[in-house]
Amino acid sequence: MHVDLLIRHAAQVVTPRGRGPLRGAAMGLLTVIPDGAVAVREGRIVAVGPTREIEAQITEAAEILEARGRAVVPGLVDPHTHLIWAGDRAAEFEQRLKGATYLEILQAGGGILATVRATRAASPEQLMAETRARMDRMLLHGTTTAEAKTGYGLEWETERRLLDLLHRLNAEHPLDLAPTFMGAHAIPAEYQEDPSAYVAVLIEEMLPAVAAWQLVHHGPWCPPWEDGRAAWFCDVFCERGAFDPEQTRRILEAAKALGFGLKVHVDEFEPPLGAVPLAVALRAVSVDHLVSTPPEHLEQLARSETIGVMLPGTSFGLGSTRYAPARRLIDAGGALALGTDLNPGTSWCESLPMMMALATRYMGLSPAEALTAVTLNAACAVGLGHEIGSLEPGKAADLVILEAPDYRHLAYRYGVSLVHTVIKRGRVVVEDGVLRIPGRQTVRE
Ligand code: NIG
Ligand code: FE
């Protein structure tokens with residue numbers, strides 16, 4: 001066999017296995033291959049196994065990477081980000097440290113609405129530059145595919161600009177983006193007196209406009225779902241001060257009728273609004289946050305096809321000691337993924353290994369479960385479990401070589417990057433911890 005790239009003599013090659021999510025106890029079952037190798041041809045994995053066995057099958061390798069002393073894991077997948085926005089909310093962070101709550105700040109016109117003002121006012125160049133810098137940091141921390149929500153426009157013109165820019169960034173950057181329309185992120189200032197009028201605009205105008213837009217841009221986005229459809233989602237923030245369960249249901253039903261996959265922000269704060277059964281009944285691909293979700297709803301979720309996405313960076317970012325009950329979901333047989341929730345309010349963090357560090361300490365996950373949650377299960381939470389999320393023949397050659405001999409270091413150590421090499425579709429895009437993006441000019445000022 002002739003291959004384009006052979007990674008060999010890794011201290012260990014570590015991966016979950018399958019195309020669908022791992023549930024319950026299976027989340028902890030990783031394959032660990034000492035002195036492992038991965039062979040790649042035309043951007044896809046063609047063989048994984050002990051170096052001796054893989055080398056016996058190979059007649060020629062165009063490029064060889066020696067991974068001695070280093071562990072190899074699948075490219076990480078971030079299933080929940082609010083990637084594109086302008087500006088920052090450092091002043092609000094300081095207000096929160098002094099005792100103001102997140103929902104109080106939102107109700108006073110700050111929070112998401114402050115970022116909406118900054119985003120509407122920003123030039124496309126500014127939005128591109130700020131978002132590109134975040135994508136670079138994600139790649140440097142091992143993320144090779146990420147979901148990316150709109151939701152800081154809250155009017156068609158700006159929401160469409162965000163979709164256009166995400167589309168351009170996806171095309172120019174090695175990181176693959178799975179786009180989510182989140183016009184239902186907050187009630188915009190101009191509809192504060194009449195939220196139901198905004199819900200009507202979302203259902204009657206914006207969702208059909210997004211559906212029409214995606215028909216035009218179907219091609220260059222990230223790989224299609226298993227059934228061939230483009231990976232597109234619609235998400236709603238179901239919370240006090242945002243959208244109530246009845247509004248959420250109407251928006252999601254309209255999105256589903258237009259062919260969107262569904263995601264829902266549920267039970268991030270107290271009191272839980274009880275939207276998990278609604279999301280499960282609508283066969284949402286994922287329900288996200290789940291901090292205050294009652295046990296009976298977690299059990300219902302565990303019995304469903306819907307994946308629970310938990311976001312420990314948000315608890316940490318808000319200075320809360322309350323983390324989502326991951327153990328209960330897994331022990332009930334559910335499928336869990338972890339994301340960063342990358343956003344300027346509750347969790348400005350591009351690093352999935354940081355989420356693994358938090359989830360192992362505060363949510364009771366084992367390092368193996370945490371790795372499954374940011375690889376295969378996260379891939380399934382964006383509809384791409386058939387394409388990415390594990391190191392198996394046939395899947396895209398997205399993988400990370402760690403500056404550590406054992407995958408558990410990803411959760412064990414924190415606050416620094418242990419990523420040595422990132423390979424996206426068979427091409428090295430991070431080398432020795434430094435970005436290597438083809439065509440990117442580095443201009444120093
Ligand atoms: O997931 N909760 C809604 N959205 C984000 C926060 C966005 C923001 O504060 O800008 C979240 O926590
Ligand atoms: Fe979020």
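Start at 1 with the first residue, then count along the sequence. Whatever order the structure lists ligands and atoms in, that order sets their numbers, starting from 1.
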Notebook entry, point to check: Taking His265 as the fixed residue, which of Thr248, Asp235, Asp288 is the one that meets the side chain to side chain donor-acceptor pair (under 3.5 Å) rule?
Noted result: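 When Thr248, Asp235, Asp288 are each tested with His265, the side chain to side chain donor-acceptor pair (under 3.5 Å) holds only for Asp235.
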Any atom of ligand 1 sitting under 4.0 Å from a heavy atom of Glu239?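 Outside the 4.0 Å threshold, so no.
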### Query
Is it true that Trp85 lies under 4.0 Å from ligand 1, counting heavy atoms only?
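No, that is not the case, since the closest heavy atom of the residue is not under 4.0 Å from the ligand.
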Open item on the list: If I take the Fe ion (ligand 2) as the centre, what angle separates the NE2 atom of His265 from the NE2 atom of His82? Nearest 10 degrees is fine.
Closed with: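 Vertex at the Fe ion (ligand 2): approximately 100°.
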task = Take Tyr414 and Arg361 through the side chain to side chain contact (heavy atoms under 4.5 Å, CB included) test and state the conclusion after the steps.
result = CA-CA 12 Å; Tyr414 54 89; Arg361 286 166 182 79; 3.7 Å; yes
Do the two ring centres, one from Trp213 and one from Trp156, sit under 6.0 Å apart?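 Ring-ring flag for Trp213/Trp156: false, centres at least 6.0 Å apart.
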| message | Donor-acceptor pair, distance only, cut-off 3.5 Å: does the side chain of Asp267 make one with the backbone of Leu273? | response |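 Yes, because the side chain of Asp267 sits within donor-acceptor range (under 3.5 Å) of the backbone of Leu273.
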- Ligand-side contact atoms (ligand 1) for residue partner Thr346, heavy atom cut-off under 4.0 Å: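 Ligand 1 atoms under the 4.0 Å threshold to Thr346: 6 (C), 11 (C), 12 (O).
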Self-check item: Atoms of ligand 1 close to Arg89 [distance to a heavy atom under 4.0 angstrom, numbered from 1]
Solution: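 Every atom of ligand 1 under 4.0 Å from some heavy atom of Arg89: 8 (C), 9 (O), 10 (O).
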_If you count every heavy atom of other residues, nucleotides or ligands that lies below 6.0 Å from Phe316 atom CZ, does the total exceed 12?_
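No, because the 6.0 Å sphere around CZ of Phe316 holds 12 heavy atoms or fewer from other groups.
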Does this structure show an ion pair linking [X] with [Y], if we count only N-O contacts that are shorter than 4.0 Å?
X      : Y      : result
Arg327 : Glu369 : yes
Glu246 : Arg249 : yes
Asp136 : Arg132 : no

Any N/O/S atom of His80 sitting less than 2.8 Å from the Fe ion (ligand 2), backbone or side chain?
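It does: His80 brings an N, O or S atom closer than 2.8 Å to the Fe ion (ligand 2).
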Exercise. Verify the distance test for Asp288 against the Fe ion (ligand 2): any N/O/S atom under 2.8 Å, yes or no.
Key: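 Given the 2.8 Å cut-off, Asp288 does not count as a ligand of the Fe ion (ligand 2).
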Taking [atom] as the reference point, the nearest protein heavy atom with its distance:
atom                    : value
atom 9 (O) of ligand 1  : Tyr102 OH, 2.4 Å
atom 7 (C) of ligand 1  : Tyr152 OH, 3.2 Å
atom 4 (N) of ligand 1  : His185 NE2, 2.8 Å
atom 11 (C) of ligand 1 : Asp341 OD2, 3.1 Å

Heteroatom distance test (Thr115, ligand 1): nitrogen or oxygen, under 3.5 angstrom
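N/O-N/O distance below 3.5 Å does not exist for this pair.
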Self-check item: Backbone or side-chain N or O of Thr314 under 3.5 Å from ligand 1 N or O
Solution: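 Between Thr314 and ligand 1 (N or O atoms, distance only) the closest approach is not under 3.5 Å.
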inquiry  = How close do Pro272 and Glu270 get, counting heavy atoms only, and between which atoms?
reply    =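 Distance-wise, the nearest heavy atoms are CD-OE1, 3.4 Å.
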*Can you name the N/O/S atom of Asp341 that is nearest the Fe ion (ligand 2)?*
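So the atom name we want here is OD1.
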* Is it the case that Arg89 places NZ or CZ above or below the six-membered ring of Trp348, under 6.0 angstrom from the centre and within 45 degrees of the axis? ->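 So Arg89 doesn't make the cation-pi contact.
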Check your understanding: Which is closest to atom 5 (C) of ligand 1 by heavy-atom distance: Glu268, Met182, His82?
Key ->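 Minimum heavy-atom distance to atom 5 (C) of ligand 1 goes to His82.
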